[in-house]
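Notes to accompany the following structure.
Computation of the quantities below employed the complete heavy-atom set of this structure, encompassing side-chain atoms and omitting hydrogens, waters and symmetry-equivalent molecules. Note on naming: letters A, B, ... go to the chains in the order of the sequence lines (proteins, then strands), and numbering restarts at 1 for each one.
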There are 2 protein chains.
Amino acid sequence: MKPRITLKKIAKEFDVSISTVSKALKNSNEISEELREKIKAFADYYQYKPNSLALQLRNQKTSVIGVIIPEIVHHFFSTVIDGIEEYANAKGYNVMVCLSNESFEKEVTNISVLTNGSVDGLIVSLARGTQQKNDYHHFEALIKDDFPLVLFDRVHDSLACDKVIIDDVGGGFKGANHLMDMGRQNIALITTQDFVTVGALRKIGYRKALHKAGMEIDEDLIYKIDDKQDLYGQIEKVFTGPKPPDAILAVNEIYAAIAMKIARERGLRIPEDIAVIGFTSGLISEFTTPPLTSVVQHGFLMGQQAAELLINRIEHIAPKEPKTEVISADLNVRASTCIKTSK
Amino acid sequence: MKPRITLKKIAKEFDVSISTVSKALKNSNEISEELREKIKAFADYYQYKPNSLALQLRNQKTSVIGVIIPEIVHHFFSTVIDGIEEYANAKGYNVMVCLSNESFEKEVTNISVLTNGSVDGLIVSLARGTQQKNDYHHFEALIKDDFPLVLFDRVHDSLACDKVIIDDVGGGFKGANHLMDMGRQNIALITTQDFVTVGALRKIGYRKALHKAGMEIDEDLIYKIDDKQDLYGQIEKVFTGPKPPDAILAVNEIYAAIAMKIARERGLRIPEDIAVIGFTSGLISEFTTPPLTSVVQHGFLMGQQAAELLINRIEHIAPKEPKTEVISADLNVRASTCIKTSK
DNA sequence: GTTTTTTACGAAAACGTTGGCGTAGATTGA
DNA sequence: TCAATCTACGCCAACGTTTTCGTAAAAAAC
């Protein structure tokens, strides 16, 4: 690679000092117009661009924000990044993405690498491994040093930093409520294992809805899926269990899509015999048969909010107390729960 | 934010010089063991980590690779990034992602920003706007300066740099071939507008397959979709056109899924009355009814290859001549073309 | 003709790090 | 006792930039 042109090289070319060149390029009238124009023309010709590392070092500011997500091959997280990028770029920041791959160790090293001066702040969604291990010392260290940090989606209560979360309880509530509005009585819940916060929260919403409606909660209708095992086999049990449900609330799109597939294989009509709701994260819901009613999570908005919180923190235009933004989850009613909408 | 601890502060603490501290932390035996241990303990306690900006500036190496993609909310690009991350991290590099949002201008500024010293090399997939404008001067400038650059998926022939492409011609060929193997005679092609390279290449494959089979190409069966218009309406014309097809080859998952939806609405049985093939980019294909036969694009592999080419280039373990890696596209046969596979 | 002001530039520090080189003082050898 | 050798550290340059301050020479003022 050709070495980039620097102030020093320009200075040597004109036999002036580095500071003269710097000032000339900044159009300082400390420098005679004649020399100024010559230097500018030369710099222009050789496409001089200030080395950003040097600037970052000098200004003690990188204008880069780091993002650590569990995985990127996931529509929801991609959408959040999109939102972060949009807001951050508008504010003159760049985005550096790292993946934890759901691993505690990788999350720790990522944080260590990124906080070595390369970013002004961090936006993170917790790795599953971290939630399982329940070890947050790497975040606590950051918080203790007042390092700008925003957690989103997968957060942890004990951490005193800015957060953006989706109203998962509300989402579960809305989903279950909708099913009851459609006259369903036996609503199965297909959720994750307990340590996955979002699953747990959506379950709370489900319980709240049933409770409010005066229905009792049948634990046999709650199925906890292990993502590492065979999904198909686990979800099949929903249909072979003691109490066959007339509706299913699944905490994500995949579970819901698989449930529909199995239901159809077993000759059940959707939504007549069984209604299904998922939580949207990708495009699957739109293209299933029938299209899947889903709780939509506004990932883009979430990303924007997270970026806004972080940049406010970085630029000290935020109060000291950590703030938590809640993004409401809305229901997108499609044909899997509601015959008339089956356009 | 609390200021980070630096060599200078440690030096002041022990009333020694900065270089002494630096050497002590590097375990240099130039420094007495006693002092060395004291300094290390102190640094450890205060969690000293070398400022990476300073290191990057000094070493003239960032160990960061920049990635510019048109959009991230796209399963294929996410998968590629995943592959890049995997390989890059293993080699000690970090990844900085920027989005061009398909815009020429944003691509230009992104490149300008990233090549100001913040990254050692660039992996890029061309923005649609760039392909449309057919203006590649920003890349030509990089190539002229021997800046490490790898183009992937959406590339341009005139650019003399490393590339990783998918065998789109082969993919189109395999898809069309499979449909002919299933006995189909009137294969419609739903593709993009001509300036979108991948669409154009897949069309070539389609033509090659038909030609090889001695079938003539009916231009009325080729539909070019404008992504900015109503997809549904445009794809509907495939069915209302002069020659109703008995098979459809769509150049992406969405077109294929929409085509299937319309086909079913019109009472056509899949695959009996009409077979459909798409190009996988996300998870849609798995969950449509019936599951969609697709040409799979190995995005992860592509990312790994791109990262490998780039890092070899950065570390000068690559021959001068640019190299192009071709990733083969394979067919994943599902029920939308083949009754017996409908498990 | 002397002083003051202005013009036009240079020197140097600072951001944080590393590594070659220099060297004071202690130790060793003869 | 003097030289040679170590030991253990400090100095300085370098990476590229910005900015404050200092200062020659020229211009203006008296």
Side-chain angles (χ1 to χ4, degrees), chain A residues 1-40 42-43 46-64 112-120, chain B residues 1-40 42-43 46-64 112-120:
Chain A
M1 183 171 75
K2 253 191 216 151
R4 304 200 57 78
I5 189 148
T6 66
L7 290 183
K8 192 195 278 193
K9 289 184 198 155
I10 302 181
K12 183 176 283 178
E13 184 73 22
F14 287 92
D15 203 36
V16 294
S17 78
I18 294 178
S19 29
T20 302
V21 177
S22 175
K23 286 171 189 165
L25 293 179
K26 289 212 135 37
N27 243 321
S28 157
N29 49 8
E30 259 187 76
I31 309 298
S32 70
E33 185 162 354
E34 194 196 338
L35 181 58
R36 222 192 303 162
E37 291 306 325
K38 277 199 293 185
I39 290 180
K40 283 203 292 182
F42 185 88
Y46 285 101
Q47 303 200 53
Y48 169 77
K49 286 179 284 181
N51 180 305
S52 59
L53 286 180
L55 285 181
Q56 291 173 24
L57 184 58
R58 167 164 232 279
N59 301 331
Q60 294 291 82
K61 157 135 188 125
T62 65
S63 291
V64 174
S112 175
V113 168
L114 290 179
T115 54
N116 273 223
S118 23
V119 301
D120 288 344
Chain B
M1 184 172 74
K2 252 192 216 154
R4 302 199 58 76
I5 188 148
T6 66
L7 289 183
K8 191 194 278 192
K9 289 184 198 156
I10 303 181
K12 183 176 284 177
E13 184 72 22
F14 288 91
D15 203 36
V16 294
S17 78
I18 293 177
S19 31
T20 301
V21 178
S22 172
K23 286 168 188 164
L25 293 178
K26 289 210 136 38
N27 243 320
S28 158
N29 49 8
E30 258 186 79
I31 309 298
S32 70
E33 185 163 354
E34 195 196 337
L35 181 56
R36 222 192 302 162
E37 291 308 323
K38 278 200 293 186
I39 290 180
K40 283 202 290 182
F42 185 87
Y46 285 101
Q47 303 200 56
Y48 169 78
K49 288 178 284 180
N51 179 306
S52 60
L53 286 180
L55 285 182
Q56 291 173 24
L57 184 59
R58 168 166 230 277
N59 301 331
Q60 294 291 81
K61 155 132 189 129
T62 65
S63 292
V64 173
S112 174
V113 168
L114 290 180
T115 54
N116 273 221
S118 22
V119 301
D120 288 343

Separation of dT17(D) atom C1' from N51(B) atom CG, nearest Å, is 15 Å
Close side-chain approach of T6(A) and N51(A), heavy atoms under 4.5 Å | no
Within the structure, does a side-chain N or O atom of K9(B) lie under 4.0 Å from either OP1 or OP2 of dG16(C)?
-> no
Between the main-chain N or O of R36(A) and the side-chain N or O of K23(A), is there a donor-acceptor pair closer than 3.5 Å?
-> no
Nearest-Å distance for atom pair CD/P, residues E30(B) and dG19(C) = 11 Å
Contacts of N59(B) and R36(B) projected onto DNA chain D by closest heavy atom; the upstream (5') one is R36(B)
Above 12 or not: heavy atoms from other molecules or residues under 6.0 Å from CD of E37(A)?
-> yes
Of the listed dT19(D), dC15(C), dC11(D), the closest approach to the S17(B) side chain comes from dC11(D)
So how far is it from N116(B) CG to Q56(A) CD, rounded to the nearest 0.5 Å?
-> 10.0 Å
Nearest to side-chain heavy atoms of L55(B), which nucleotide of dT17(D), dT17(C), dC11(D) | dT17(C)
Interatomic distance, R4(A) CZ vs dG16(D) P [rounded to whole Å] | 11 Å
Does atom NZ of K12(B) have more than 12 heavy-atom neighbours, drawn from other residues, nucleotides or ligands, at distances under 6.0 Å?
-> no
Scan Y48(B) against the nucleic acid and name what it touches under 4.0 Å (heavy atoms): base, sugar-phosphate only, or nothing.
-> sugar-phosphate
Give S22(A) one of three labels, base, sugar-phosphate or nothing, depending on what nucleic acid heavy atoms sit under 4.0 Å from its own.
-> base
Please confirm whether any donor atom in the side chain of S19(A) sits under 3.5 Å from an acceptor in the base of dA11(C), or the reverse.
-> yes
For the side chain of K8(A), starting at C-beta, report the closest nucleotide among dT17(C), dC15(D), dA11(C).
-> dC15(D)
What nucleotide among dA13(C), dC11(D), dA14(D) has an atom nearest to a side-chain atom of R58(B)?
-> dA14(D)
For K61(A), does its backbone N or O pair with a side-chain atom of N59(A) as donor and acceptor, under 3.5 Å?
-> no
Between the base of dG19(C) and the side chain of K26(B), is there any donor-acceptor pair under 3.5 Å?
-> no
Take the protein atom CG of D15(A) and the nucleotide atom P of dA8(C), then report the distance between them rounded to whole Å.
-> 18 Å
Is L53(B) touching bases, backbone alone, or none of the nucleic acid, heavy atoms closer than 4.0 Å?
-> nothing
What nucleotide among dT17(D), dC9(D), dC11(D) has an atom nearest to a side-chain atom of I31(B)?
-> dC9(D)
Atom CD of Q56(A) and atom C1' of dT18(D) are separated, to the nearest Å, by 15 Å
dC15(D) base to T6(A) side chain: any donor-acceptor pair below 3.5 Å?
-> no
dT7(D) P sits how many Å from E33(B) CD, rounded?
-> 14 Å
d(CG, L35(B); P, dT7(D)) in whole Å | 16 Å
Which nucleotide in the list dT18(D), dC21(C), dC15(C) gets nearest to the side chain of L7(A)?
-> dT18(D)
Whole Å only: how far is the CD1 atom of I18(B) from the P atom of dC15(C)?
-> 9 Å
Could you please name the option among dT17(D), dC15(C), dG19(C) that lies closest to any side-chain atom of K23(B)?
-> dG19(C)
